[in-house]
Amino acid sequence: MNPELRQDLVSGDWILIAPGRHRRVQQFKETGKRLIPSKKDCPLENWEEKNNREAILKHPKGKNWRIQVIPNIYPAVMPSPSGSRSPKIKKRGPFATLPAFGYHEVIVTRDHLNNFPRLKPSEAALVFQTFKERYLAISRDQKLTYISIFQNWGAKAGSSIYHPHYQLLAIPVLPPDIARSLEGSQNYFRKHKACVHCIQIAWEKKEKKRVVYETKNAIAFLPFVGREPFEMRVFPKSHSPFFEESTDGLLRAVAEVLSKSLKKLERSLKLPDYNFYIHTAPLRNRNRYHQYHWHVEIIPRTTISAGFELGSGIEINPVDPDEAALLLAKN
Ligand SMILES: [Zn+2]
Ligand SMILES: [Zn+2]
């Protein structure tokens, strides 16, 4: 295909799909090997004994837990000392500052070797159900605005520990990407009286070119306006702004579709590093966001932003999402 500028329906951002002659899909493949540190050097083995602290929760309780939640030892944010009062914005010269208040937890699955796509379906579902459990518990703190849940898989995705784990970071401010996403969804709804995400799901189902995997209740596809090669999104098919209102059954469906999509990605690109994260409506002013549609985004880390991207905010995606979909379909 010839290079094409495409505009994202939600953010309004332009991205440039520019498949280069010298950057074929093959070039994004990794070696298929991943260095696995030994269990005895793993900081997440016997965490309670080593740290002389109890986990926040374990499923099931006791020695034979399959999943546990622990506090991050190097938290990016700290629980507030000010009780129920919201921390105050302070001025420093012309700038606004706020104590980095919040919660930073790590969700750990038991097995040292097998990451999300290699978990049994019941364990993959338990990961998402545990996300929801912590989300609901933490969201009772009225000082918080947003809870981000994500996985960094591999060094290029920012992970320093191999052992499969996920993070939850709760903060008192609305993150800019979420704010823009909410606003874009509201604008679309005002103009078209429809959810912009439901519209995209319907279009991808009709086009059938970029769907990666689909079940009765969830769907994964490569977005038409993908910013990165092999970027994927997983949507629950039923419209809901709030991740935490999902039933266990729906979370199981999303976990299954995510797992299948990541398996295809691993086989297609030979074990690439990636991040995935949940986008959901925020904790406050909830009635404003009925047009939002929660989902999971998967970003394989195969490229590095260069001068044009940093200087313009326009991402160059060197792989046509249609071509990426063809490769995923073979795997
Ligand atoms: Zn381990
Ligand atoms: Zn929707």
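FYI, side chains are in, hydrogens and waters are out, and symmetry mates aren't considered; it's all heavy atoms of this structure. Position 1 is the first residue of the sequence, and the numbers go up from there. Because the structure is predicted, anything quoted here is derived from the model rather than measured. In each ligand, atom 1 is the first atom listed, and ligand 1 is the first ligand listed.
- The Zn ion (ligand 2) is closest to atom ND1 of His239 (considering only N, O or S atoms).
- Distances from the Zn ion (ligand 1) to each N, O or S atom of His163 single out ND1 as the nearest.
- Summary: ND1 is the N/O/S atom of His293 found nearest to the Zn ion (ligand 2).
- The angle Cys42:SG - the Zn ion (ligand 1) - His112:ND1 amounts to 110°, with values rounded to 10 degrees.
- Evaluated for a side-chain contact (heavy atoms from CB on, under 4.5 Å) with Val234, the options Ile278, Val257, Val212 yield exactly one hit, Val257.
- No other N/O/S atom of Glu45 lies as close to the Zn ion (ligand 1) as OE2 does.
- Two rings, from Phe128 and Phe131, have their centers less than 6.0 Å apart.
- Cys198 lies close to the Zn ion (ligand 2), since one of its N, O or S atoms is found at a distance under 2.8 Å.
- Considering only residues two or more places apart in sequence or on other chains, Phe224 meets the ring pair (Phe, Tyr, Trp, His ring centres under 6.0 Å) condition with Trp203.
- Aromatic ring centroids of Tyr277 and His279 lie under 6.0 Å apart.
- Looking only at side-chain heavy atoms (C-beta outward), Arg118 and Glu266 come within less than 4.5 Å of each other.
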